[in-house]
Amino acid sequence: MAARYAFLVPGQDAAAEGWNLAGRLLSKRRMGKTIFADLADRTGRIQLYVRKDETGEDGFADWNDLDRGDLIGVRGYVFRSKMGEITLHVISFEVLGKALMPLPDKWHGLVDVEKRYRQRYVDMIVNPDVRDTMIARSRLIAEMRRFIDGYGFYEVETPTLLHVAGGAAARPFETHCNALDQIMQLRIATELNLKRLIVGGLERVYEIGRIFRNEGIDTTHNPEFTMLELYAAYWDVRDMLEFNEALIANLVSVVTGGGSELTYGDAGISFARPFARIAYLEGMSRFSDGKFTRERLLDSNGAAGILRELGLPESPTHGHALDKIFERVVEPHLIAPTFVTDYPVIISPLAKRKAGDSDIVDRYELFCARMEISNAFTELNDPDDQRARFEAQVAERAKGDEEIPEPDWDFVRALEYGMPPTAGIGIGVDRLIMLLTGHQSVRDVLVFPLQRQHG
RNA sequence: GCGCCUUUAGCUCAGUCGGUAGAGCAGCGGCCUUUUAAGCCGUUGGUCCCGGGUUCGAGUCCCGGAGGGCGCACCA
């Protein structure tokens, strides 16, 4: 509207052209026999202008009865006000929906975080940033699909309700299926089912789906969240890394209008390709001034010793210890987008071993702003190796690591029918959206973040 | 789960040393024909998060509880 009527000078109108608009009345300024008001819809906001000499006594009284928050339709023509604002000179209006509840303070808006999350509908009316973020989220996910589809991938939908939730290390939500009279779990990953589809011959599949993990809630964790998982037959982890880098760079380009720089918190982050790369063990060594060597880390007692050196509590398993050490030693340095490659096999139960180094797998994780954004590896397709790793997990689970899932033995059987060499990736969509829209809390990129009942 | 902070009018916030509840906006009644946080005059509105306790007297101090935020723990 502003662009279309840019040619108007203050006081000038375009009365020949009529407009019908609908939206929510966000403010009303009465000035004697004139009213100025602001009308908002999803595309933006426009000022309205009403004159008593045109509406008549009754019509003007009807305007006085309108409240902030009412939904109205208006008819009129555009002019530029004395103060230079493009304004709709209203000829007639009708009420489309009455607001009974008053809107929050027009200047301070709604600030109370609890109320904002619990009453998102109000939050979105008065805080345009929330709406903008949700629109950006929608656009970015659409762009992800477009980009992925361009590579010939098929989008699929696998079950959320499972008998055994596997494919990741996390505690599941449990529920009960009345028809089957069986305990069910909500999925903690889409991994195993997507790989079954690879066995079945789809060759390039992905799912952007809701994942549920029955764990803590904080600024980077919501119990239900959205994950993109994607698998490509005949790709290896290097192909996936290239794809991953191109995907992220593309999204940054979309969000910046062709650029490669983002500001996140107080850090400026460059997504110019190529992103940084560092091997897992090399990172451990570099950020510990060479103290934490491959030999120590890959040895169960050595890792336990490092934990003590760092003053961290004892870990139930060797893998758990490595995660803790990495988190403390390396993660804080990973602000620019960085691919951490060559993970140890002990923390990668579903990844294929690297040729020529049986302790290491073909895997990487992409970190950015200290957040893990994606995790990818060449998938293990040897059923015997997979069975052995599941058996090892059973032992770990017995030692007390509750996050380790029960093995999905049918998955081993699927592998026995033959799975092509395949690379897979998981991307935490919510965190990616946080990064791309500059938000510090997942709750800000979720329409309805989980809150405790009763408030 | 632990620690710190927080909760007062529809919204945003004050409330001193413990003395009986305030402002702005919104609402309501007026004035005002180019305002935009419009302005001016008047006015309504309170489970001070909940429950105990101390005190002549508690929004204020103490204990317990609830919601929320942040940090830690947990956790891709």
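Residue numbers begin at 1 in each chain, while the letters A, B, ... track the order of the sequences. On a predicted model such as this, the values are computed, not experimentally measured, just so you know.
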Separation of A:L103 atom CG from B:A26 atom C1', in whole Å? 10 Å
Identify the two heavy atoms, one from A:V126 and one from A:P104, that lie closest to each other, and give their separation to 0.1 Å. CG1-CD, 3.9 Å
With respect to the phosphate group of B:G68, does any side-chain polar atom (N or O) of A:R452 fall under 4.0 Å of OP1 or OP2? yes
Considering only atom P, compute the distance from B:C62 to B:C17 and round it to an integer number of Å. 14 Å
B:A73 and B:C48, which share atom name C1', separated by this distance in whole Å: 35 Å
Between B:A26 and A:K106, is there an OP1 or OP2 to side-chain N/O distance shorter than 4.0 Å? yes
For B:G42, give its Watson-Crick or G-U wobble partner with both distances under 3.5 Å, or none. B:C28
May I ask you to verify if any side-chain N or O of A:R30 is less than 4.0 angstrom from the OP1 or OP2 atom of B:U36? no
Which is true for A:G109 with a 4.0 Å heavy-atom rule: it touches a base, it touches only sugar-phosphate, or it touches nothing? sugar-phosphate
Between P of B:G69 and NE2 of A:H439, the distance in whole Å: 16 Å
Distance check, P atoms only: B:G57 and B:G19, in whole angstrom units. 14 Å
So that I can tick it off, tell me whether A:R210 and A:E224 are bridged by a salt bridge, with the cut-off set at under 4.0 angstrom between side-chain N and carboxylate O. yes
Write down the partner of B:U20 under the Watson-Crick or G-U wobble criteria, each distance required to be under 3.5 Å. none
Please state whether the phosphate of B:G10, meaning OP1 or OP2, lies under 4.0 angstrom from any side-chain nitrogen or oxygen of A:Q119. no
Nucleotide nearest A:D112 when distance is taken to its side chain, options B:A37, B:U33, B:U12: B:U12
Counting only side-chain heavy atoms from C-beta out, which of B:C13, B:G69, B:U35 sits nearest to A:V113? B:G69
What is the distance, to the nearest angstrom, from the CD atom on A:E114 to the P atom on B:C70? 12 Å
Determine whether any donor atom in the side chain of A:E372 lies under 3.5 Å from an acceptor atom in the base of B:C75, or the reverse, and answer yes or no. no
B:G52 to B:G68 separation - P atoms, rounded to the nearest Å: 24 Å
Interatomic distance where CE belongs to A:M31 and P belongs to B:A38 [whole Å]: 13 Å
State whether A:H320 places a side-chain N or O below 4.0 Å from either non-bridging phosphate oxygen (OP1 or OP2) of B:C75. yes
Describe the nucleic acid contact of A:T220 in one word from base, sugar-phosphate, nothing, applying a heavy-atom distance below 4.0 Å. nothing
Among B:A26, B:C74, B:U33, the nucleotide that comes nearest once only the side chain of A:D218 is considered: B:C74
Identify whether the distance between the nearest side-chain nitrogen and carboxylate oxygen of A:E245 and A:R277 falls below 4.0 Å. yes
Check the phosphate of B:G68 against A:K115, side-chain N and O only, distance under 4.0 Å to OP1 or OP2. Yes or no? no
Carboxylate-amine/guanidinium proximity below 4.0 Å for A:R120 and A:D123: yes
Is any NZ, NE, NH1 or NH2 atom of the basic residue among A:D112 and A:R118 found under 4.0 Å from an Asp or Glu carboxylate oxygen of the other? no
Under the 3.5 Å rule, do the base of B:U34 and the side chain of A:T34 count as making a donor-acceptor pair? no
Should A:R118 be listed as having a side-chain N or O under 4.0 Å from OP1 or OP2 of B:G68? yes
If you assign A:D65 and A:P104 each to the RNA chain B nucleotide with the nearest heavy atom, which residue ends up on the more 5' nucleotide? A:P104
Take atom NE2 of A:H221 and atom C1' of B:C70, then tell me their distance rounded to the nearest Å. 15 Å
Is A:E327 touching bases, backbone alone, or none of the nucleic acid, heavy atoms closer than 4.0 Å? base
Between B:A23 and B:A14, how far apart are the C1' atoms? Round to whole Å, please. 7 Å
Evaluate the criterion salt bridge (charged side-chain N to carboxylate O under 4.0 Å, His left out) for residue pair A:E379 and A:K195; output intermediate values, then yes/no. CA-CA 9 Å; A:E379 305 293 333; A:K195 283 196 269 194; 2.4 Å; yes
Atom of A:A136, atom of A:T437 and distance for their closest heavy-atom approach: CB-CG2, 4.0 Å
Using purine N1 to pyrimidine N3 plus N6-O4 or O6-N4 for Watson-Crick, or N1-O2 and O6-N3 for G-U wobble, both under 3.5 Å, which nucleotide pairs with B:C61? B:G53
Identify whether the distance between the nearest side-chain nitrogen and carboxylate oxygen of A:D359 and A:K354 falls below 4.0 Å. no
Any side-chain N or O of A:K324 under 4.0 Å from OP1/OP2 of B:C75? yes
B:G18 and B:U55: how far apart are their C1' atoms, nearest whole angstrom? 9 Å
Tell me: CG of A:L450 to P of B:C75, nearest whole Å? 19 Å
Would you measure the distance from the C1' atom in B:G67 across to the matching atom in B:C40 and give it in whole Å? 42 Å
Taking A:R296 first and then A:E309, would you say they form a salt bridge - that is, a charged N and a carboxylate O separated by under 4.0 Å? yes
Which residue lies more 5' along RNA chain B, comparing A:D105 with A:N64 via nearest heavy atoms: A:D105
Under 4.0 Å, counting only non-hydrogen atoms across every strand here, what does A:R443 touch: a base, just sugar-phosphate, or nothing? sugar-phosphate
Counting only side-chain N and O atoms of A:R68, is one of them less than 4.0 Å from OP1 or OP2 of B:C11? no
Is it the case that B:G27 (base atoms only) and A:D67 (side chain only) share a donor and an acceptor within less than 3.5 Å, ignoring hydrogens and angles? no
Tell which nucleotide pairs with B:C2, taking only Watson-Crick or G-U wobble pairs whose two distances are both under 3.5 angstrom. B:G71
May I ask you to evaluate whether A:R29 reaches the phosphate of B:A38, defined as a side-chain N or O under 4.0 Å from OP1 or OP2? yes
When you compare B:U7 with B:U43, how far apart are their P atoms, in angstrom units rounded to a whole number? 30 Å
Whole angstrom is fine here: how far is it from CD in A:Q12 over to C1' in B:U34? 16 Å
Atom CH2 of A:W63 and atom P of B:U35: how far apart are they, to the nearest Å? 18 Å
Looking at B:U34, B:G71, B:U33, which one has an atom nearest to any side-chain atom of A:D53? B:U33
